[in-house]
Number of protein chains: 2
Amino acid sequence: MAAGRAYAGVPAAQRRALRRAALVAAGLDIVGTQGSARLTVAGLCARAGLNERYFYESFASTDEVLGAVLDDVLAELTSAIVTAVAAAPQDTRAKARAAIAAAIELLTDDDRKTRVVFAEPLAAPALMARRAEVARAFVALIVGQAQEFYGPATALRVGSWGDFGAAYVLGGLAETMTAWVRGDLAISRDELIDRATDLFVVVGEHVVGTASS
Amino acid sequence: MAAGRAYAGVPAAQRRALRRAALVAAGLDIVGTQGSARLTVAGLCARAGLNERYFYESFASTDEVLGAVLDDVLAELTSAIVTAVAAAPQDTRAKARAAIAAAIELLTDDDRKTRVVFAEPLAAPALMARRAEVARAFVALIVGQAQEFYGPATALRVGSWGDFGAAYVLGGLAETMTAWVRGDLAISRDELIDRATDLFVVVGEHVVGTASS
DNA sequence: AGAATTTGGCAAGACGTCATGCCAGAATTG
DNA sequence: CAATTCTGGCATGACGTCTTGCCAAATTCT
């Protein structure tokens, strides 16, 4: 009952965590390649190399797996962006480029993640709310970053224009990234990053200029 | 066999078409409010007020219904855009605003259509390919319109920058529109249209300016 | 070595959906 | 009015998934 014996030198709690991680990794694979509709308990456990019984040890439904997969990728993404921005020189364009490059490199190195972040959340009702939260969080992050360059006073002046511009930039980045992964943009990844940075700066300057005038 | 007797004064072919239309309308309702995952034969026919048997008269699978629903909304959308652009004065900004206003008004008047156009296609594998086609078509439409204002010679100079800019604008429009429908943007619909037009023009000018320099 | 625990494989009933078929009532044609 | 055709309701067998439970093999602790 109060079990918890070590197995193969690994304590019980850690084994649980490993199994959960294996399920999430398998979930990324299935959702990222076949879509959330194909995510079944049996298929997930088979790919994770685990018994079906262990599914219910960590999750109550496949929707929970979906959420965990998304959270996993988003945590990786925000971490990559934050460290990249911190390491970049104190310059608007340099900061923007660092953030965009970090995001694009992470997501295009593994197009399963592109799909999980940009496509699936819109489909699965379970992720709709989370997707909205994430979008708001990124918008807030962009707006916050912008304030560092244009001065905190701009915040008041920018107002809803800032939210609009941030959402616009987020959407543009998402669409161009998925189009590029799909092979519809005949440019290199570095060009993709450069142009995304260009438009980020252009939109940002227009927003600040318009809102403060 | 060679049937086709009129019923209630309506010939057979027209009755078939009416039933099909009822199914597509019910499909828009279900997909637009609950998502494509909830689209089942029984539920669809119940909402359409039709017998399940008639489903197979017009469709072979629920995926086909999904495609028909998307096609229906997209046809409406392109029609609205084309007529609005044609009626607008010969001015870059006026044309852009007319197109954007037509799209935004149509899609936000009925947020089921917003979801069908922007959210579901990414999720349902059956619509993935179509979504890509549609994106390409809209990109081509935007690029084509741009050539009318900046002159056909720009086409060669713009090249892949044009595709990139068009995809960016499309994504920005999609994200801001869904955010607005969600209630995350504290602006009026007219402001939404104005700002979307602003950024459309700004991005367009930057693309032409950069690519031709 | 022996007892206890962990693990994987498998089976079973329950549930929802699919695709088709049958039947009786309603409407139309001759 | 009789025959034909259309329509709606219902039922069926098949299929895939879910969730729980049992059993034998593997591994660990005493």
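The sequence lines fix the lettering, A, B, ..., with proteins before strands; numbering per chain opens at 1. Atom set for the values below is all heavy atoms of this structure, side chains included, hydrogens, waters and symmetry mates excluded.
In this structure, A/E105 does not pair ionically with A/R97, as no charged nitrogen and carboxylate oxygen lie closer than 4.0 Å. The residues B/R189 and B/D109 are annotated as salt-bridged, a charged nitrogen and a carboxylate oxygen being separated by less than 4.0 angstrom.
Taking atom CZ on B/F55 and atom C1' on C/dT17, their separation rounds to 12 Å, with Å as the unit. The CD atom of B/E57 sits 11 Å away from the P atom of D/dG8 (whole-angstrom rounding). At whole-Å resolution of the value, CG in A/L44 and C1' in D/dG16 are 17 Å apart. When rounded to the nearest whole Å, the span between CG of B/D63 and P of C/dC18 equals 11 Å. One atom, CZ of B/F59, and another, P of C/dT17, lie 19 Å apart when rounded to the nearest Å. For B/E52 and C/dT17, the CD to C1' distance is 10 Å, given to the nearest whole Å. The CZ atom of A/R38 sits 9 Å away from the P atom of D/dT17 (whole-angstrom rounding). Atom CZ of A/R15 is separated from atom C1' of D/dA26 by 13 Å (rounded to the nearest Å).
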inquiry  = Run A/W161 and A/H206 through side chain to side chain contact (heavy atoms under 4.5 Å, CB included) and show every step you take.
reply    = CA-CA 10 Å; A/W161 242 116; A/H206 178 80; 4.2 Å; yes
Could you please spell out the steps behind the side chain to side chain contact (heavy atoms under 4.5 Å, CB included) verdict for B/V207 and B/V203? CA-CA 6 Å; B/V207 167; B/V203 169; 4.2 Å; yes
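Nearer the 5' end of DNA chain D, as judged by each residue's closest nucleotide, is the contact made by A/L39, out of A/N51 and A/L39.
With D/dC18, C/dC18, C/dT6 as the choices, the nucleotide that has an atom nearest any side-chain atom of B/T62 turns out to be C/dC18. Set against D/dG8, C/dG9, D/dT19, the side chain of B/Y54 has D/dG8 as its closest nucleotide.
Contact check for A/T62 versus A/L44: no side-chain heavy atoms found under the 4.5 Å cut-off.
Contact annotation: side chain of A/R53 to base of D/dG21, donor-acceptor pair absent below 3.5 Å.
At a threshold of 4.0 angstrom between heavy atoms, the contacts of B/R19 are confined to the sugar-phosphate backbone, with no base atom among them. As judged by a 4.0 angstrom heavy-atom cut-off over every strand, A/Y56 is placed among the base-contacting residues.
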